[in-house]
Amino acid sequence: MDLYEHQGKELFARAGLRTVEGRVATSVEEARAAAEELAGPVVVKAQVLTGGRGKAGGVKLAATPDEVAEHAAAILGLDINGHVTRRLWVERQASIAKEYYFSITFDRGAKRPLFMLSTMGGMDIEAVAVDHPEKLARIHLDPAMGFRPFFANRLVFAAGIPKEERRAVAAIIEGCHRLFVEADAMLVEVNPLIVTPEGEVVAADAKVTIDDNALYRHPEIAAMRDTAAADPQEQMARERGVTYVKLDGAIGILGNGAGLVMSTLDVVDQVGGTPANFLDVGGGAQADEIVSALEVILSDPKVQAIFFNIFGGITRGDEVARGILDALDRLEIGVPIVVRLDGTNAEEGRAILAAAPHRHLHVEATMLDAARRVVELAGGAA
Amino acid sequence: MDLYEHQGKELFARAGLRTVEGRVATSVEEARAAAEELAGPVVVKAQVLTGGRGKAGGVKLAATPDEVAEHAAAILGLDINGHVTRRLWVERQASIAKEYYFSITFDRGAKRPLFMLSTMGGMDIEAVAVDHPEKLARIHLDPAMGFRPFFANRLVFAAGIPKEERRAVAAIIEGCHRLFVEADAMLVEVNPLIVTPEGEVVAADAKVTIDDNALYRHPEIAAMRDTAAADPQEQMARERGVTYVKLDGAIGILGNGAGLVMSTLDVVDQVGGTPANFLDVGGGAQADEIVSALEVILSDPKVQAIFFNIFGGITRGDEVARGILDALDRLEIGVPIVVRLDGTNAEEGRAILAAAPHRHLHVEATMLDAARRVVELAGGAA
Amino acid sequence: MAVLVTAETRLVTQGITGREGAFHTLKNRAYGTQVVAGVTPGKGGQDVEGIPVFDTVADAVAETGANTSMVFVPPRFAADAIYEAADAGIGTIVCITEGIPAHDMLGAYTYLRPRGIRLLGPNCPGALSPGIANVGIIPAQVFAPGGIGLVSRSGTLTYQIGSEVAGLGLGNSTIVGIGGDPVVGTSFIDALELFEADPETTHIVLVGEIGGNEEEKAADYIAAHVTKPVVAYIAGFTAPPGKTMGHAGAIISGSSGTAVAKKEALEARGVRVGTNPTEVARIVAELVTA
Amino acid sequence: MAVLVTAETRLVTQGITGREGAFHTLKNRAYGTQVVAGVTPGKGGQDVEGIPVFDTVADAVAETGANTSMVFVPPRFAADAIYEAADAGIGTIVCITEGIPAHDMLGAYTYLRPRGIRLLGPNCPGALSPGIANVGIIPAQVFAPGGIGLVSRSGTLTYQIGSEVAGLGLGNSTIVGIGGDPVVGTSFIDALELFEADPETTHIVLVGEIGGNEEEKAADYIAAHVTKPVVAYIAGFTAPPGKTMGHAGAIISGSSGTAVAKKEALEARGVRVGTNPTEVARIVAELVTA
């Protein structure tokens, strides 16, 4: 789960890390009120879960509440890389002497947290990584050793942080690591980490991603989820416990397991179809979940046919078959459904379907045949 | 540093572990007041840093404040294995259905914490260990793995704790381990861990030993040290940063390093002398510490001669020699001092001593010769 | 010989009294796996259709000589179960549980790895050595014994490819589902190493998907260390772009993590890549008969 | 060859700019030890009488090829220094610092041990291979090269015994002070194993003291694994009884931990035990000339 900048900063503040003071606003009035409270020059920042806000016009400086209101009006509703801006963060303008970069990433490949620190912070750290790799200190932490004071020291020296800021930067490294561990974060990124003319070191941005699997032990973070921002169908899918991503095509696709669903998309594409969505019902799907999943797919009016591709492992074919019959009973289904069942209890499942024929239900034996059939049924041009 | 029962219970309570409610009393009046506050049958327990209190008459049940006062008068001042009772712990009488035993020890040999749990708690757990080893569950914790829920489970099942108490006992195991780690304990022992007729599990005793080297990070525990209870000479030695144990003989012994001092005691004994003390000035002793150490030794009127045995490593012979001359200047020394200096800067040290002859100062080249000389100077019969 | 799961496997199921744990344990036993024990704290002394249940893994190991555990406990307790298995001397741990927090697994992985304890998963379908033993949830009926080692990040896609290969009359030495979580105990490279060393395995099929750079690393490993022919499949050519982990994520992965990039990396090192499961099976059959 | 500290030793001192750190580092260098670097964070770029100082151990290793570190930092920071050395790839860490909390060392030991990183100490005098190199605070002038390996829990007592042995014209392969803290990185058994494997060592002297049961365990190890003659000394026959660690301590140690018990355990396994340092030296001399 990605957090908005202002939510990340809230976690930073709770962890005792210095950030820039600000207020959330979801309307022009709130933005103006925030500016008045903060009393002084501020920055108005779009809160969207994507990068490139600055270039898209989502970050503006303002000297007066009137100016804030003007910018707020322009930014609210702004589409940034497909994300519509629904809230703002109005924060005090910090004086900036230097901009650094700092992050901790859960590095899946190395299976260790990776710490990166650079004195060349600000906009384009990826370019720094390519053009000036020596300016980006990267050190993996050995989780068996745990975080030790020397580790922050190494990073600070490797990045060439000037003497007078070493202690403050080391404290931020330690604090961010504590947050990384205690909040089950997959990413904590501060860009820029600013040094003020007075020599204070402050997190001027905060990008935090939390492990979805660990949200159960962080109810206060789980509550931060912005249900309004998600696509309504994706939101509906989430509530029903399935993974759904909307695409642009005509063939609704449902399968069990992300790999199989991706492969199904590829095969449909190869035989000339266009997938309408990615939908993974996950492992051990029960009849009710099958009904929910079909509802999500059918809520997309573009869908001309549905490809139902199940290879049972923990999922059992008989339960899937019962779910399909249930759905055919309970939902108004006006498009053809091509079902391919294999694996655990697949024979039982196929027998259940065979015993209850339905004009929209087509059963195929192989994935490739099923893909061809669904493309054909969707009308060829799908 | 060993803690008194009431101090251990204070740490337990802070760690959220259930103990029996009680009050500290250092006089008969305080004991009576404590009993009145607790309002009901109580136990009056001598607070001494030694075992065998019960057998020595240091633990008494009392039904009324008058009875408490009577017992308090008898126990205060009681000598238990050489420890004079100066304070009492007056606690509510708990109803006891069963007595268990639990401990966590810093096992030096295994270099792991050892957990022990038994349903045969109460007085003599050492006998249980010998006679019914199967009744004493012993499991080492791997510090690399850390404490995990299954670990408490294993211990509880291995000890045969009945089903209805498993959860409570596991919680105590986990809480005691947290205390063990967070307080830098070398020992946490609960004997007995009682089960009340209502099925509650309560720590009825609490023996806690804290690592002296870690006291700097536990000022609140360091402040618990009972300076009144220590031998005045040992207390004086502690304040001066040297390790001193008083013995019964006539020859004061001072050396650097516990092993060398012990060996010096043995050698003095072998050549017919009786050591008056064990005194280790530690590594890198400076002149001031030498003076302090001699003061501590000389405060024992039985001392007839002093054996000053230094083999320098981190300690430097020239500094020791200067310390000796300093001490001869500053202290009234009426007994012979036999000095043996070897190791780092020993030649310089011997030269310094040779340049400043003193009627009480005798320098010998070897440890064995020095031991013979000091016994001779102490008057043979020493 | 097969890998990971062999005739020597003596299985204990942690969480055997749960619905899924019981169902799949019994299926594994029915397949021929030596299932010697189950563990559910507090249910020691009971049995699940004749399989003795113990309170702790240590007890199960002491009483039955179990050497492999299958973890079926809920995600909140799964890391603890893995530690318990390791502490009890289990050498191979197969964790089926899905949804374990990544930091929990990071700690467990870091503990297990230097101690030489093999972990498969979590969030994986397990391993099946056809005709010998099955540990996990792989539907065994579609696979036959043979010389093809199959390793995959994906569960059901593994079955798909396996069944296509079987459809052409070929069999498998072992099917290994490594799981797709951020931290998995056995990587592609680990599985390749096992297959390379296994005399029964003649060919290797590697099933990857978009994201990360494990397939690229596997390609390098194959070029340097694998002498047996490897055929690969990558899912996700038409998948929507996944989210990236901030700038840091982009810097770490270096590559784009796309299916095309992975395919190219593998082909550049001499690995043939099929474009769909059916084609993968055809290439394998071609190599076997060549 | 000697053990632990050899001609291959390239030493970095952590805490080189402190009073004791500088003093003993320079003494070690004067003795002939290859001292290649020092570390004090924030003082990188300076030097201590020509020895370059770095901000981190990693830098020191990268620049100078240091393979052994000597830790002279205050007790509050010493465990961190040990971890830093390990993380930087140092293979042998000699920790002189006294007063490190036992739980800190428990963590460090547990980390180092399975990774094959050698720790000597803490609270130890170091190791001296006469005529080759000295790392630590052992006063080298009293020792000469030879075939006697000496291992001791005690610092100054080591020097005492060593000087008595030297007084009889005998030399040492290496003198190893293992330290007497609750957790030490190198035990008697570890040192015995090193001496047994060292071709230059012909005889071994083991210097123990009251408390714990390390001498008893060493006796068992000697009986099972050591072919070279071992002479022992135990200090503390007349020492006051130490405090015990509650009932638990008594249960753990089993033996009484007294000097008499240790002497008997050693003698029962064929180890000759001298009653004072002078006698130990005499027994060694007797065995050498026998």
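This is a predicted model, so every value here is computed, not measured. Per chain, numbering begins at 1; letters A, B, ... match sequence-line order.
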A:R217 and A:D184 ion-paired at < 4.0 Å: yes
Pair D:E84 + A:R154, salt bridge at N-O below 4.0 Å: no
Tell me, please, whether D:Y111 has D:R115 positioned over its six-membered ring: NZ or CZ under 6.0 Å from the ring centre and within 45 degrees of its axis? yes
Heavy-atom proximity to chain A below 4.5 Å, by part of D:D87: both
Tell me the ring pair (Phe, Tyr, Trp, His ring centres under 6.0 Å) pairs involving residues 148-196 of chain A, sequence neighbours left out? A:F115-A:F151, A:F115-A:H177, A:F147-A:F151, A:F147-A:H177, A:F180-C:H103
Count the heavy-atom pairs under 4.5 Å between each of D:D59, D:T56, D:D55 and chain A, then report the option with the highest count. D:D55
Is D:Y83 close to chain A through its backbone or its side chain, or both, or neither, when contacts mean heavy atoms under 4.5 Å? both
